[in-house]
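Numbered from 1 within each chain, the chains take letters A, B, ... in sequence-line order.
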Amino acid sequence: MMDFGFKISPSSAINLDNADLSLYDELCKAEPDICKCMACGSCSAACPANRFSGMSVRKLIIDLQRGKKKEAVKMLSDCMLCGKCTMVCPRGINTRHLILSICKLYKED
Amino acid sequence: MIYQGKQKIWADYQKEIPDDHWFYVRSCIRQNFFPGAEKMFLEICRNVLHKDFYETENHTTCGGIAYHCDTIPQETVMTIVARQFALMTEAGYENYVASCITSFGNYIEILETWNEFPELETRIREMLWKACRREFKKPKYVAHASDLIYKYRNLIAEKARYRLINRNTGEPLKVVEHIGCHYSKMFPSKGVGGAEYPYVLCGMIESWGGNVIDYPERRHCCGYGFRQYHVKANRGYSISNTHKKFESMEPYHPDMIITNCPGCPYFMDRWQYAIAEMEGKTYGENGYGIPVFTYEEVAGLVLGYDPWDLGLQLHQVAVEPLLDKIGIEYDPAAKYEGLDHKDLLRPELPGVLRCC
Amino acid sequence: MKENILIIGGGIAGLEAAAQLLKLGYNPIIVEKSDHLGGHVAEWNRLFPDMTPAEDVVSRLIAGAGEANIFLNTGISFVNRLKDSYNIMLSNGISVITRILLFATGFTLFDAAKKEEYGYGVYNQVMTNMDLERWFNTGNDERIPEEGPKTMGFVHCVGSRDEKARNPQCSKVCCITAVKQAIEMKQKFPDAMIYCFYMDLRMFGKKYEDFYISAQRDYGIRFIRGRVSEVSENIEGRLVVKAEDTLSGKPVKVTMDLLVLMAGIVCNPDTCRTAGLVSLPVDSDGFLKSRDNIADITESPKEGIFYAGTCTGPKTVPETLAEARSAALAIHNYIQGLK
Amino acid sequence: MIGMIFILSYCLIGLVRIILQLPKEDRKRFFMSLVNPKTMAKNIRDIFCDCLFHVKLWKRNKLLGYMHSSIAFGWFMLIVIGHIEVLLYTPHRAKLFYFPIFFRYFVAETESTMRGAFFFFLMDFFLLMVLSGIFLAMFKRLQSRLFGMRRTTNPSFLDLVGLYSLWAIFPLRLLAEGFTADISGGSFLTKSLNYVLNSFLSDHTNMLPAWWAYSCALGVFFIVLPFTRYMHIPTEILLIPLRNAGIKIRNARKGFAKAEVYSCPSCGLCIDACPMGVMKTHIKDTTVYLNRQIRRNNERRIEEISDKCLLCGKCSAICPVGVEGDKLRIAQRSLRKYSVNPDYADISSDALSVHAEGKVLYYAGCMTALTPVIRKSMESILKKAGIAYELMDRDGGICCGRPMMMAGRFDQAREMIERNTRIIKDSGATTLLLTCPICYRIFKEKYHLDGIEIIHHTEYIDRLVRSGSLKISRDDRKYVYHDPCELGRGCGIYEQPREVLSCAGELVEAAKNRKESICCGGSLGSLTLGFDKRKAMTENALANLTVAAPDVIVTACPLCRSTFNRYADLPVEDIAETIDKKCV
């Protein structure tokens, strides 16, 4: 293949048709409240790890819903499980247990 | 797809195009990419249809390419345009037709801006006067050259030697129409058929016997995007967009692509070669690409002009399979012969994309 | 002799106002341009948030206004201003003299075909909220496959909050309607994947938020924050819907079998024409202008002309009914004051 | 007879297994402690107090205490005296351990001698004592409320078999001895029964079935014992010396944890103690059921029970045998396998470094960030007292690690501890001040800050008040102090906050306080309890706090504060807020 000095980059668009949501569906069974997230961002704003790794439960949930497992798992790297996100969630989602469930279900690559 | 629904929209976006007496301005880049196209436009309009099309050697670029590359300010591009209008006024014309889509968009944008901000127009008049002591009247009608071919499409169809039909099967050819972004996306009412389903090329295809393909990424840019290509660091972005378009049209197996913009045919033609080299993928039949034409070239083909006189040998994607499909006669040996039968030499053939 | 009160529009506002005016001892005359009473609500199937059948609401209202004079298929031809009353010529040739005019002219659903990029009327599988309600009522629409759509979507704010659609206003009820319809579709087709594309979710009313939470958790409806940019048809005739998923900051693409456009509420052009007959002013949002948008929403700036319902802006059914009652009372007080 | 052999061998094997399962160092420590006279004395004392006299139960409820000690001590004495009798009368038979049990059957003795009468009396006395205990036990089955227990456990089938055979042993013994009393002799109980029986059943042939029934009941009891809650009787004897040797839970299922699980008598005291108990649905998630499920190896339920718990530690605090429900659960949680494991390597410490040479370093913690008033008040107090201090986590920092620890993820917690330790040591501070008991507990238990004093603000304020650096004005408001779980039961701090508060106004007590204080329901300990499930617990805890009609609820934990504040009708304050307002 010829090197032109530039490449065809894969689309950054999320294609929901072929997003692999099998793990997410499994997660939904374990944590049905995950669907209640309305992306208010309280969790991210309160998160002490956000400052270090951009950890955000809001983004985490969205990423999982869009099948972006890699990005989601990476975000968990600095989670300290302090539980502040659970304290502030206006929809009463047990984000702390959600994180543990994700840690259990998903894999680091 | 409900065809009547589209027709209803087309009916809402009809634009008044005078029949005759046009001041014609060329594109900066087309003559290098597809030199036969503009020549064929004037040839058809003047010699086939006997219309009055005036052209002056004094006209320049409209400045649009620099404007869209962010290299000149708005006042500059407006003054350049004002000078073009002055040339038209001096020549005694009121109808202004541009060969280039970006020019067309540029003229429309500037005229609309002047409508909204008359003080800007006054300032530009002053600047033009200071710069070259010229005055201008605003054109009564501004059209893109494809608007005129659209207008004359049925006249051309009457005189046509060929139709866009597969000679072997009798089926209409599957044609992708690609409209330049600056044609009607900025001002939908200024384009034939509006922005969502522009009719300008569809009308030609339908009159000349082809079938229009409506594929999901039909609205997408060809990938040129001015600074996306001109800045080398962005070039991957440019080709990625072209790639996306081809991926989207691929399942429909189009026979050809018709465009009405200077950049689009060039990039859709040349990037097919680059994509083939990068990905090993071709989109036409038997390892060929999908031939990409300007509307003037297609008009010339159906009217029976010699493909090599239309400059089709300058296309990267080989046009011969399509010519064979339609049944257009051509002399393969004459492909690389100049006007004076001088040998133009044969280009090196690409490794992946099949060419003749 | 009972006092005549002319009510323009036989929708729920007109019917409720007529019922109240009857009780107060007046003679309401309803003029309705269509062939049925109940307006848009009569064409609806069930109403949020308790899934009340629209038919029940309308038939109750019609029963309440039973003794009023009702002219169907009738418009207003012209209006003559007399000294202290109006002489109104109806399209059926009858003329009415009244001191009181009540505009209950309602709204028009935004013409979804105007949002060309969504392809309503061009693509086979694009419909509006109204079409869907009609299907709930009749079960007859070839856009909806018998086995149900595998994937479907709702586009919020079609013709609302959109300057390009010439309606920058929020239509107020579409958010909750979309959630309601999504739930109903999920109830009918439990295997369908349903997306809602929204910009904001305005769950302002009683129990709306519960409805929304239930849609998310119990029905698994996926909400994507982002306005749909364009819709295309792919080679299989399925719809390719593109939007930006603004929450992840990425474009999103999904292929669907059905797309429902939540057409918004815009001012009824007939309202404006009729209002023009008595030179009523139009507010900046395109709806009729009240004397005061806070204290006197049911009163026009003109003597003896009153408003009820969505002719002054988008409203829910309970709001419209409350306003109709309020207008009836305002009329009563006005007439008392004349004596 | 078979029963006895079975149980003895079973216990022996169990003992060896548990001891073998202990980590090497623990095992060594255990054996050393056995020969150490001090711990030996303590072991013997504890075994007597706990296993025979049930001192803890006496303290809790006299009836319950009597029930247990009468059965245990009475039976123990029966066995001891029985042996003495055997030794005295038939020394050659002493080797047969079953002999004393059926002594009356084998030997006809005389009560006419003083010595004989004395033994007969003692035997009958203790038998009566046991019987009274059994009677109480039967009564308790029906009316547990009278014994101060609102709810008891739901016994399993084998438990019931054990229970009924236990109940049957002593009445049958009485019956059997009653039949033989005229032959073998007896005292006030057996003799009088003998007269009654003889009055209508004069045939001695009844004697044999009665003795058989007695021996069968005894046999059944011992055979089912290992599979029932009565296994706690032998296990507790092992648990006590293990505990006294300072051994802790290291493995969720082996060694010390196993000893604890088998020591659980299924008494169900923890059911009433559990704050989750306010909702009926949670009754089966209490420690007694955890122990039962661990014995049954029901993994699904073990996970469910251990994840739900708030880790308030109250069950451990009141457990008569000392089962540590909270620690057992954390140990179960640590068994979970996670495929995603956070590590904090990329957190830059530079941004978090502080300079606090010779000063007090104040670590507010994550939860305090949600109740900034605590931090503000604490800073204000420090300023008023003229203390030089530095904040460690003004813009947030690394979590103390306790929440992670509670989730059973020790490696992650340890990493956070290391990171924080470095920051604190590098700061040069002399004192580490904490306003959050959750942080405080882990700093106390797991951090090694050599030389830096770790102090909770309740202690610190108390010290400031005592030293006179802080003057508090009194008012006539009534304050009730809520003991946060991690501070009270977790770290044993009960009195300092009360000292401080009694300077500020009238201190009243909650119905249940100190060691028995009720968790606010907001605890981070529970992994699975949803927000909606906690409301009832908070309201119950509030009801407990407000019995003495206080004006203000004062606590010393940011989490308790925000949890109570959500549902309380009274103002809820952190002790720092209260004191800051009252500082002169």
Side-chain angles (χ1 to χ4, degrees), chain B residues 1-14 112 116 174-179 181 183-199 202 211-221 237 240-241 243-255 283 290, chain C residues 110-128 130-131 141-145 151 153 155 158-159 162-166 197 227-244 249-261 263 269:
Chain B
M1 189 75 66
I2 305 160
Y3 189 69
Q4 290 83 350
K6 270 203 218 173
Q7 280 180 315
K8 198 173 153 279
I9 294 175
W10 288 333
D12 290 344
Y13 291 101
Q14 281 306 318
E112 290 294 315
E116 296 287 328
K174 288 168 283 188
V175 188
V176 159
E177 46 92 36
H178 176 83
I179 305 289
C181 292
Y183 177 65
S184 58
K185 279 181 187 161
M186 295 187 287
F187 298 95
S189 62
K190 303 292 177 189
V192 175
E196 194 56 33
Y197 307 98
Y199 189 56
C202 287
N211 240 0
V212 178
I213 280 176
D214 207 333
Y215 61 107
E217 295 293 356
R218 69 182 143 80
R219 307 170 179 94
H220 210 79
C221 167
Y237 182 63
S240 299
N241 279 287
H243 179 250
K244 186 173 180 176
K245 237 181 132 61
F246 277 105
E247 287 293 313
S248 174
M249 68 174 81
E250 188 193 10
Y252 296 82
H253 306 296
D255 295 305
Y283 293 94
I290 305 170
Chain C
F110 174 79
D111 175 12
K114 281 190 188 160
K115 287 297 285 181
E116 288 164 16
E117 59 268 43
Y118 297 160
Y120 181 65
V122 177
Y123 301 134
N124 293 313
Q125 266 124 0
V126 180
M127 63 187 337
T128 62
M130 185 79 215
D131 298 333
D141 196 310
E142 51 193 36
R143 285 171 286 205
I144 300 174
T151 309
V155 185
V158 175
D162 182 356
E163 290 192 6
K164 295 286 158 59
R166 293 160 71 193
F197 293 92
R227 188 187 262 279
V228 169
S229 63
E230 56 186 43
V231 182
S232 325
E233 223 174 51
N234 72 8
I235 195 157
E236 296 151 2
R238 298 181 78 205
L239 299 167
V240 180
V241 177
K242 284 195 200 173
E244 189 197 350
K250 290 272 188 314
V252 63
K253 197 168 97 173
V254 56
T255 311
M256 295 184 174
D257 307 299
L258 184 67
L259 191 67
V260 181
L261 307 179

Would you mind listing every salt bridge (charged side-chain N to carboxylate O under 4.0 Å, His left out) that reaches into residues 3-14 of chain B, with sequence neighbours excluded?
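Counting only pairs at least two positions apart or across chains, the salt bridge (charged side-chain N to carboxylate O under 4.0 Å, His left out) contacts touching residues 3-14 of chain B are B:Lys6-B:Asp214.
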
Check this for me, if you would: do C:Glu233 and B:Arg218 make a salt bridge, where the nitrogen-to-carboxylate-oxygen distance has to be below 4.0 angstrom?
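B:Arg218 and C:Glu233: not salt-bridged.
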
Could you work out, with salt bridge (charged side-chain N to carboxylate O under 4.0 Å, His left out) as the rule, every residue matching C:Arg227, not counting sequence neighbours?
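Per chain and number, C:Arg227 pairs via salt bridge (charged side-chain N to carboxylate O under 4.0 Å, His left out) with C:Asp162.
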
How would you list, by chain and number, every residue that makes a salt bridge (charged side-chain N to carboxylate O under 4.0 Å, His left out) with C:Asp141, sequence neighbours excluded?
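In terms of salt bridge (charged side-chain N to carboxylate O under 4.0 Å, His left out), with neighbours along the sequence ignored, C:Asp141 is linked to C:Arg143.
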
For the candidates B:Pro216, B:Gly5, B:Pro251, which exhibits the highest count of non-hydrogen atom pairs separated by less than 4.5 Å from chain C?
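Top count of heavy-atom pairs under 4.5 Å with chain C: B:Pro216.
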
About how many Å separate NE2 of B:His220 and OG of C:Ser232, when rounded to the nearest 0.5 Å?
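The distance works out to 11.0 Å.
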
Taking C-beta and beyond as the side chain, do B:Tyr252 and C:Ile235 meet within less than 4.5 Å on heavy atoms?
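Touching, per the 4.5 Å side-chain cut-off.
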
Proximity breakdown for C:Val231 and chain B, heavy-atom pairs closer than 4.5 Å:
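Just the backbone, heavy atoms under 4.5 Å.
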
Residues 187-199 of chain B: residues contacting chain C (heavy atom under 4.5 Å, by number):
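Under the 4.5 Å heavy-atom cut-off, B:Glu196, B:Tyr197 qualify.
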
